[in-house]
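In listed order, ligands and their atoms are each counted from 1. Owing to the predicted nature of the structure, the values given are computational and were not obtained by experimental measurement.
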Amino acid sequence: MRDTNLLQLALGLTPPWTVTASDFDPAAKRLDIQVDFAPGSRFACPACGTPDCPAHDTERMTWRHLNFFQHQAYLNARVPRVRCDTCGVKKVHVPWARPDSGFTLLFEALLMTMLSAMPVNTVARMVGEHDTRLWRVLHHYVEQARARGDASRVTRVAIDETAARRGHDYISLFVDIDQARVLFATEGRDANTVAAFAEDLTAHTGDPEAVSEVCIDMSPAFIKGVGENLPNAAITFDKFHAVKIVNDAVDQVRRAEQKRQSLLRGTRYIWLRNPENLSDRQRATLESLPTHHLKTARAYQIRLAFQDLYDQPSAEAAIAHLRKWYFWATHSRLDPMIDAAHTVKRHWDGILRWFDSKIANGLIEGINSLVQAAKSKARGYRSTRNLKAIVYLLAGKLNLALPA
Ligand SMILES: [Zn+2]
């Protein structure tokens, strides 16, 4: 068998396309395969599909293909432009590549499989391509998969933000709780981001009015955005965020007290932890402190009591517990704890909603760490658009429908 026949079979080319020559350059570690069409061939118009249009002229093009053993392989062809009576002169679509891509479909499928598993810069190094070319491929397949996405059964949504670059820019993530996938990622963290989500949901056969439960932090922007755009959604305030507000108040009490109470130096992380998570040394330090004299220790007890809320056996028990806690915190004579209690009071129903919905943003935390890890490995994404594409690729459960 001649090598051109072998390559023709291996590439799966069908008429009018044939392999006419191959040039292997061992020094350049490169195989070039020449593909051509039979003279006088006719082609369908790429715009309207009219068959049997004559070639008007041709343009030489090159596509990177799957490696030939350890060597890079390229397809080279003259691509005809046809003259269509309706559409004018149009460049035909070749069966092995997308229009305007410098890679074959099979090479793109390999790239996407690699990009799903490792950072873009790593893939770029491995295949010897500039990362901007890989981003172009990645955006194409992610956008296509997103366009096919079906959000028709979405009813429970978690919303949270993640820092895009060095804490300056934020993107908001909208997660389908039941399918554990990112539905939507968008710049910013204001009420408009929720409006943009509702629009995107509608575009993917979802229904903003069918969303019955959302989990958010207590940011007024998200509360407002949900109220305006997801009218039937009951809000659950994320329990980790609620505990953090009380925890931050403990830290404020500690910082103020430490100015007069040197015993507290170096104890910051003790008060931020739960007793069962303390190291032996931290536990010993805690036990050596005159805790009944310390405001910080009182604040800490108030925080632990707040956390106990989430262990209450029923919604009724939870209401009773929270009322008692609120009384205690507001009578603690510790300003940060009183402020935190007032914040809890203002978000009372949404905090207690957890006992009905049992939803939290822990899922997003997991997605967040996935994204942050990928980000640090890639040493920056160049743009928020790139970051969003990575979020979808890693956490969107996309059907990429890769060419096979
Ligand atoms: Zn046409």
- Judged by modelled atom types alone, do E187 and Y170 share a side-chain donor-acceptor pair under 3.5 Å? no
- Polar contact flag, side-chain donor to acceptor under 3.5 angstrom, S172-T186: no
- Query: Does H347 have its ring centroid less than 6.0 Å away from the ring centroid of F237?
  - Reply: yes
- Task: Quick one: list whatever passes side-chain hydrogen bond (donor to acceptor under 3.5 Å, both in side chains) with D190, sequence neighbours left out.
- Result: none
- Message: Tell me which one of R156, R181, K397 satisfies salt bridge (Lys or Arg N to Asp or Glu O under 4.0 Å) with D176.
- Response: R181
- Task: For the Zn ion (ligand 1), check which protein N, O or S atoms are under 2.8 Å away and list them.
- Result: C45 SG, C48 SG, C84 SG, C87 SG
- Parallel, tilted or perpendicular: which describes the rings of W17 and F43, with under 30° parallel and over 60° perpendicular? tilted
